[in-house]
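The next block holds one structure in the form of structure tokens; read it before the comments.
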Amino acid sequence: MKSYIYVNTVPIDKRENHGILYQARKELHKAVRKVLATSAKILQGPFADTFSTVDLEDHECAVWLLLQKSRSDDRAARMQAVQEMLAARHWHDYQYRMIAQACDLRTLIGLARSKESDLRFFLRPPRLPSLKEDSTIEEELRHLLASLPQTELDECIQYFTSLALSESSQSLAAQKGGLWCFGGNGLPYAESFGEVPSAAVEMFCLDALVKHSEISTHCDKIEANGGLQLLQRLYQLHKDCPKVQRNIMRIIGNMALNEHLHSPIVQSGWVSILAEAMKSQDIMEASHAARTLANLDRETVQEKYQDGVYVLHPQYRTSQPIKADVLFVHGLMGAAFKTWRQQDNDQVLNEKVSEDETRYTTCWPKTWLARDCPSLRIISVEYDTSLSDWRARCPMERKSIAFRSNELLRKLRAAGVGDRPVIWVSHSMGGLLVKKMLLEASRKPELSTVINNTRGMIFYSVPHHGSHLAEYSVNVRYLLFPSLEVKELSKDSPALKTLQDDFLEFAKDKNFQVLNFVETLPTSIGSMIKLHVVPVESADLGIGDLIPVDVNHLNICKPEKKDAFLYQRTLRFIRETLAKDLEN
């Protein structure tokens with residue numbers, strides 16, 4: 001058995017060989033050898049049988065006792081061991097390294113998901129294997145993608161895969177002296193291959209890998225073909241490109257849904273990267289890491305967070321009992337984070353880089369609501385939408401509200417939504433998805449808990465009766481060919497009228513608590529027109545308060561500051577609606 005420990009080395013001046021420094025180093029080396037010998041003896045047999053015969057200092061004994069405790073058959077003892085490791089403030093570097101090398105997967109994940117964790121608990125990722133001779137990361141990425149099954153895929157996975165393979169082929173040809181063609185339309189780029197096209201090709205490949213990683217058997221192929229190491233190399237290479245890093249984190253998070261891949265993910269060194277990302281001031285970076293670690297943590301997390309489902313709070317392990325869920329669902333062209341940011345203005349634009357989140361927040365549910373209601377689990381979901389088929393990320397993806405609602409409902413149920421009281425918060429088309437999800441759940445006995453535990457909902461400018469947006473067909477580039485989502489918002493849409501009528505009757509029967517907000521100002525659509533996207537009459541669900549706010553459609557869900565009416569009224573509704581549940 002071999003044991004290793006990391007020590008910092010410094011050059012020794014020959015004149016100091018027989019001085020105090022020399023003697024100190026000599027004693028340190030003796031201590032290190034003693035620790036290594038002790039660790040070998042302890043790990044060769046049961047912990048309890050060795051301590052009576054091994055000569056250990058008290059502080060060294062404590063480390064190994066904690067390691068023994070962390071491997072106990074008793075879950076409570078394992079959890080306590082992690083807490084005691086976190087509480088140790090007097091340890092030396094070599095003691096953290098001892099824990100890092102000897103702890104098991106459960107303990108390592110527990111440390112990574114603890115807010116107080118010291119990054120010295122985590123070993124640096126192993127040295128990555130060298131690229132093949134005359135190969136580039138781009139080529140390796142293409143080979144990884146090409147190695148995945150290309151049959152029995154949905155249209156969007158086929159689209160992203162073919163696009164990535166096509167563009168990477170042109171890219172490789174350009175590097176060898178050929179021409180670069182954007183989209184294959186024959187437009188020459190340059191004889192020399194630049195950084196921008198290379199980055200674009202990598203993004204095409206990553207987009208495709210995200211889709212493939214949603215399929216369990218494809219995750220196995222990615223791991224078997226060295227994908228974990230390749231993605232890690234790409235992640236480190238693009239430290240200045242958050243979008244690339246987020247896509248990579250999405251892939252790792254999807255792979256972590258498969259428990260048999262947990263060991264390869266940990267062994268490839270991803271935990272240290274995730275633990276560091278969890279401490280980032282960037283909410284998106286931290287949330288992507290939190291999702292992945294939650295999927296790896298089978299000790300304290302039963303739920304599984306699929307692609308597009310992000311826990312904003314709590315992101316770390318906590319002793320705080322979670323008594324209810326609040327879900328945030330964005331609308332057209334929205335996203336899980338940017339939709340719920342604080343309203344932009346000239347004063348705060350320069351403050352976004354500040355670590356003081358009380359002055360500006362890029363996600364108020366995580367920053368403000370989590371502090372005001374710490375016993376809530378706050379989830380935000382993300383899905384692709386578009387105003388126009390020209391701007392769709394996947395041209396083949398023409399998903400109706402009904403299709404998206406079923407897809408989201410399945411993901412949210414996997415995340416445990418319905419197991420505790422729920423409030424749904426939505427903006428624009430997101431509100432139609434919420435209504436459709438609840439109606440669908442009401443028709444399926446296995447989803448009855450979702451209905452029984454729904455306490456209420458907040459609608460920010462939801463077009464219950466349609467939107468003028470769908471009626472515009474002007475010479476604005478992205479409204480020439482409205483997407484399916486936009487067409488379904490038409491005032492004369494039969495599906496929209498049926499949804500409204502069915503939900504209104506259903507909500508009254510269930511006595512849901514409802515709060516409606518609506519904009520009163522027009523929204524700029526492109527540079528040519530201003531449009532009152534959701535008029536007051538369309539935002540009126542028929543039950544609950546309807547509150548007009550002097551903002552446009554985009555800012556109706558973005559409070560100007562924490563003490564603004566928009567946030568304070570939202571907070572009051574949540575507290576009042578969940579009052580009995582939060583007291584229990």
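Model, not experiment: these values are computed from the prediction.
A distance-only check finds no donor-acceptor pair linking the side chain of H330 to the backbone of G430 [under 3.5 Å]. Within the 3.5 Å criterion, the main-chain N or O of Y235 finds a donor-acceptor partner in the side chain of Q245. Looking at D297, its side chain does come within 3.5 Å of a backbone N or O of E299 through a donor-acceptor pair.
A donor and an acceptor atom, one from each side chain of S162 and Q158, are nowhere located under 3.5 Å apart. For H143 and N225, the side-chain atoms include no donor-acceptor pair closer than 3.5 Å.
I248 places none of its side-chain heavy atoms less than 4.5 Å from the side chain of Q236. Side-chain contact between M284 and P242: absent, with no pair of heavy atoms (C-beta onward) separated by less than 4.5 Å. Using a 4.5 Å heavy-atom cutoff, the side chains of W340 and C557 are in contact. Looking at L312 and F337, their side chains come closer than 4.5 Å, going by heavy atoms from C-beta outward. Residues L145 and H212 form a side-chain contact, since some pair of their non-hydrogen atoms from C-beta on lies under 4.5 Å apart. In this structure, M85 and S70 have side chains that are in contact, with non-hydrogen atoms separated by less than 4.5 Å. Residues I283 and T367 have side chains in contact (heavy-atom distance under 4.5 Å, counting atoms from C-beta outward). Taking the side chain as every heavy atom from C-beta outward, I157 and E214 never approach each other to under 4.5 Å.
Other residues, nucleotides and ligands contribute only 12 or fewer heavy atoms inside 6.0 Å of the CD atom of E276. Taking a 6.0 Å sphere around NZ of K221, one finds it holds 12 or fewer heavy atoms contributed by other residues, nucleotides or ligands. Other residues, nucleotides and ligands place no more than 12 heavy atoms under 6.0 Å from the NZ atom of K115.
Heavy-atom minimum distance, A100 versus R120: CB-O, 4.3 Å. Between W364 and R341, the shortest heavy-atom distance links the atoms CD1-O, 3.7 Å. Residues L376 and P314 share a closest heavy-atom pair of O-CD, 4.1 Å. Of all non-hydrogen atoms in R250 and V210, the two that sit nearest each other are NH2-CG1, 3.3 Å. Here the closest non-hydrogen pair linking Y305 and R377 is OH-NH1, 2.9 Å. R106 approaches S72 most closely through the heavy-atom pair NH2-O, 4.2 Å.
Of the options V381, I379, T339, a side-chain contact (heavy atoms from CB on, under 4.5 Å) to V329 is made by V381 and by none of the others. Each of E202, R233, K243 was evaluated against H238; a single residue qualifies, E202, per the side-chain hydrogen bond (donor to acceptor under 3.5 Å, both in side chains) test.
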Original post:
Going through the checks in order, is the side-chain hydrogen bond (donor to acceptor under 3.5 Å, both in side chains) test met by T292 and N295?
Top reply: CA-CA 5 Å; T292 304; N295 285 337; over 6 Å; no
**OP:** Could you go through the side-chain contact (heavy atoms from CB on, under 4.5 Å) check for I252 and L228 one step at a time?
**Re:** CA-CA 8 Å; I252 304 301; L228 290 170; 3.7 Å; yes
